Amino acid sequence: MNIHEYQAKEIFRKYGIPIPPGEVATTPEEAEAIARKYGTTVVVKAQVHAGGRGKAGGVKLAKTPAEARDVATKILQLTIKGLPVEKVLVTPAADIASEAYVGIIVDRASKKPVFMASPAGGIDIEEVAAKTPDKILRHPIDPRYGLRTYEAMQLAFFLYSDIKQVRAAARILQQLYAAFSGNGGSLAEINPLVTTPTGEVVALDAKMVIDDNELERRPDIAELRDESAEDPSEVEARKASLTFIKLDGNVGCVVNGAGLAMATMDLVKYYGGDPANFLDIGGSSNPEKVVAALRIITREPNVKAILFNIFGGITRTDDVANGIVSAISENPLRIPLVIRLTGTNEEIAVKILEKNGLSAMTDMDEAVKKAVALATGGKAA
Ligand code: GDP
Ligand code: MN
């Protein structure tokens, strides 16, 4: 789950990380009032679940309250990486002497949280990673011990040479690790971590991603979810208990089981198509889940054909067939549908489909080939 910068900052502050104050506004007038209260130059920052806001015009300095209102008006009209801006954070501007990057991600290869630190932080960190990777220090963490002081000092010496700044940064790194591990993070990041002309070390940005599997035991964190800032398809899928990830391809896939869903996507690629999504309707699927799945997939204009690939074990294929029939009667399909099903109650499922003018295949390869051909107009490699 993504959370906003202002929410991540609230968490980081609780762990002692030095962060300038800030307040959230949803209208230009609110932004103006907050700027007036601070009585100094402020930064107005788009609150969306996307990086690169600075480059997209979503982070602007304002010297006066009137200017804060004007930049807030512009930022609240922006769409950044497909996400409309509905809130801005207004925060007193800091003077910046240097910008560094510090972050933690869970590295699947080493099965550990890994710290990353770079003295070349700021809005071009992706470029630094691509072109001058030696400017980024990576340091895996043993979660039994966390980030020990000598490790924090080593990382901090990579950022600064002034010993006071090194000590301040080392403390911040340990606080960041505590915030990350104490809240079920899968990512925690400060970019930029700045030094001010008077030598202080301060976090000006904050990003945190929470592992979805942590939400059940952390209701206070789960409450931070902002559905208005999420993709509507993913919101609907979550409510229907579907595991759904949107992709950019042309073949919409409805599959039961994550393994079969992955195999189906591989096969779609193999036959020259491109999956439009990952969608797992789960083990014991009821017809309503199928209806929701079809509604979500058909909303995407890229999708040119739909492929059902159902292996009936616990899942009853007749449930799926009933779901398909009721979804189509509610909302007739405008694109071709290929159904492959086999397993539990297969004969009943086939009868239900045939009674409604549909048919099913049993061979997975043949079904995928057919769906790809329909999606690409036969032009697939
Ligand atoms: P991002 O582009 O989405 O990562 O947004 P950031 O919060 O990192 O802001 C982008 C850039 O704006 C930073 O790298 C800074 O250069 C600049 N910026 C952000 N806050 C301040 C501030 O308080 N003062 C000044 N002078 N610049 C800031
Ligand atoms: Mn940033």
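Since the structure is predicted, the reported quantities are computational estimates derived from the model, not experimental observations. Order of appearance sets the numbers: ligands from 1, and atoms from 1 within every ligand.
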Which residue and heavy atom of the protein sit nearest atom 21 (C) of ligand 1, plus the separation: L204 CD1, 3.6 Å

Heavy-atom side-chain contact between L155 and L137 under 4.5 Å: yes

Distance-only N or O hit between ligand 1 and K55, under 3.5 Å: no

Any K87 side-chain heavy atom under 4.5 Å of Y6 side chain: yes

Proximal ligand 1 atoms for K45, defined as those under 4.0 Å from one of its heavy atoms: 6 (P), 7 (O)

Close side-chain approach of T344 to F311, heavy-atom, < 4.5 Å: no

Any N or O of E5 closer than 3.5 Å to N or O of ligand 1: no

Taking atom 4 (O) of ligand 1 as the reference point, the nearest protein heavy atom with its distance: D205 OD2, 3.2 Å

Atom 17 (C) of ligand 1 within contact range, any protein heavy atom under 4.0 Å: no

Nearest non-hydrogen protein atom, atom 28 (C) of ligand 1: I96 CD1, 3.7 Å

Closest protein heavy atom to atom 2 (O) of ligand 1, given as residue, atom name and distance to 0.1 Å: G54 N, 2.8 Å

K45 NZ to R53 CZ distance, which is reported to the nearest 0.5 Å: 5.0 Å

Minimum side-chain heavy-atom gap L76-E86 below 4.5 Å: no

Ligand 1 to A94 polar contact by distance, N or O atoms, under 3.5 Å: yes

Where the Mn ion (ligand 2) is the vertex, angle from N191 O to D205 OD2 to 10°: 90°

Side-chain (T317) to main-chain (T342) donor-acceptor, under 3.5 angstrom: no

For N191, the ligand 1 atoms whose distance to one of its heavy atoms is below 4.0 Å: 8 (O)

Identity and separation of the nearest protein heavy atom to atom 11 (C) of ligand 1: I123 CG2, 3.8 Å

Euclidean distance, I221 CD1 relative to D211 CG, rounded to 0.5 Å: 12.0 Å

Heavy-atom side-chain contact between L279 and T243 under 4.5 Å: no

Enumerated ligand 1 atoms positioned under 4.0 Å from heavy atoms of R53: 1 (P), 2 (O), 3 (O), 5 (O), 6 (P), 7 (O)

Within-cut-off N or O pair, V59 and ligand 1, under 3.5 Å: no

Under 3.5 Å donor-acceptor, T195 side chain and E200 backbone: no

Side-chain heavy atoms of L204 within contact of I96, under 4.5 Å: yes

Protein contact to atom 15 (C) of ligand 1 [nearest heavy atom, distance to 0.1 Å]: E99 OE1, 3.6 Å

